[in-house]
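Here is the structure we will look at.
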Amino acid sequence: MRVDRPASPQAFFRLGSLIGVLLAVAPSAFADETMLRPDGSELSYRLDIPEGTGKVPLAVIAQGSGCVGARSSVAVRTVTSAFAPMATLTVEQYGVLPGDDGSVACSADFASHALMSQRVADYEQVINGLGEAAWWSGELVLFGGSEGGLVMARLAPRVEADAAILLSTAPGVSFDQIVLSNVPPEGHETVRGLFERARNAPDSDEKFSGYTFRFWADAIAVTAVDEMLSSSTQFLAIHGGKDPVPVDYSRVAADRYSDAGRCELTYWEFPNYGHGMEDAAGTSHMAAVAAAAVGWASARLAAPGC
């Protein structure tokens with residue numbers, strides 16, 4: 001395990017020079033594709049493949065919570081651009097269409113089926129469906145922010161990812177603790193009571209905070225670091241010091257790796273950035289952070305192991 005607490009991502013941007021491919025991005029061919037889930041519903045995804053570069057790694061980029069289409073998210077587009085030297089894959093959540101931009105209410109299908117475990121299953125299905133694609137080197141990198149990071153942490157051992165980047169994810173504690181960190185203390189008893197009701201009614205469509213009891217029952221007990229430690233994936237966890245979710249929730253994941261004598265987790269902490277890598281003035285530094293993360297992932301692929 002390695003811990004870095006840089007003041008800004010610019011110090012890490014030079015990591016991109018580790019591989020020349022980051023200096024000149026090849027044009028890409030993209031395709032919006034579909035396949036059927038086991039229940040017969042349509043699963044949508046988009047694949048961008050650099051042209052004329054031979055075999056390349058695959059980078060899977062997961063959006064956070066909500067029912068906005070993956071490529072409608074500014075953050076996802078920013079991160080996808082940083083990974084352009086690799087093939088990039090985004091997958092739509094159950095009940096979300098590629099062009100959904102948040103201008104309409106989330107669909108009933110999304111409300112009933114967009115569970116974290118369903119998202120994990122969807123990514124696994126698409127990745128496995130790519131099989132022995134001619135363009136794919138076999139190397140696999142995962143990137144997820146917030147809820148998407150929790151999904152990627154759970155996915156990593158299932159697909160034997162080489163590297164995974166978890167941004168603003170707080171992987172060291174259970175999901176219910178992450179949620180409670182954004183609830184005033186006087187509301188904790190009420191929220192804990194709702195969580196308990198969800199545990200006792202895991203198939204209920206009753207809603208709390210816009211999500212069904214089905215969603216909460218599926219997610220609240222999950223602690224991402226437990227899934228991470230079950231894999232040999234190299235992880236990079238990134239947390240901003242101004243994130244409303246306490247940085248301690250990421251630091252404890254680093255401690256878990258140290259206590260286990262494991263070396264597969266690198267932790268970066270940016271003291272002056274918030275949940276979306278924005279500074280106090282509201283300026284986003286997501287592009288620089290993403291570029292640094294790509295440099296880290298490229299170095300891990302070039303030299304596997306700790």
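Hydrogens, waters and symmetry mates are skipped; everything else that's a heavy atom, side chains included, is used.
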Can we say Asp122 and Arg119 salt-bridge, meaning some charged N sits less than 4.0 Å from an Asp/Glu carboxylate O?
-> no

Nearest heavy-atom neighbours spanning Ser107 and Phe110 = OG-N, 3.0 Å

side-chain contact (heavy atoms from CB on, under 4.5 Å) between Ser298 and Met86, intermediate numbers included | CA-CA 10 Å; Ser298 300; Met86 305 182 189; 3.9 Å; yes

Does the pair Asp279/Lys242 count as a salt bridge with the N-to-O cut at 4.0 Å?
-> no

Is it true that a side-chain atom of Gln234 and a backbone atom of Thr266 form a donor plus acceptor pair closer than 3.5 Å?
-> no

Atom CG in Leu89, atom CZ in Phe143: separation rounded to 0.5 Å?
-> 14.5 Å

With sequence neighbours left out, what residues match His113 under ring-ring contact (aromatic ring centres under 6.0 Å, His included)?
-> Tyr94

Taking the side chain as every heavy atom from C-beta outward, state whether Glu92 and Leu97 have any atom pair closer than 4.5 Å.
-> no

Across all chains, not counting sequence neighbours, the salt bridge (Lys or Arg N to Asp or Glu O under 4.0 Å) partners of Asp162 are none

Reference residue Leu58; test side chain to side chain contact (heavy atoms under 4.5 Å, CB included); the match among Ile49, Leu47, Val141 | Leu47

Salt-bridge test for Asp48 and Arg71: reply yes if a basic N is under 4.0 Å from a carboxylate O, no otherwise.
-> yes

Please test Arg251 against Asp248 for salt bridge (Lys or Arg N to Asp or Glu O under 4.0 Å), starting from the C-alpha separation and ending with a verdict.
-> CA-CA 5 Å; Arg251 292 175 184 172; Asp248 285 347; 3.3 Å; yes

Given the options Met152, Gln63, Met116, Glu147 meets side chain to side chain contact (heavy atoms under 4.5 Å, CB included) only with Met116

Indicate the atoms forming the closest heavy-atom contact of Ser168 with Met277, along with that distance.
-> OG-CE, 3.8 Å

Crowded around Glu189 CD? As in, over 12 foreign heavy atoms under 6.0 Å?
-> no

Set of residues satisfying ring-ring contact (aromatic ring centres under 6.0 Å, His included) with respect to Tyr211, sequence neighbours excluded = Phe215

Nearest 0.5 Å please: distance from the CG atom of Asp39 over to the CD atom of Gln118.
-> 6.5 Å

Should we count NZ of Lys55 as having more than 12 external heavy atoms under 6.0 Å?
-> yes

Met228 side, atom CE; Arg256 side, atom CZ - distance, nearest 0.5 Å | 9.5 Å

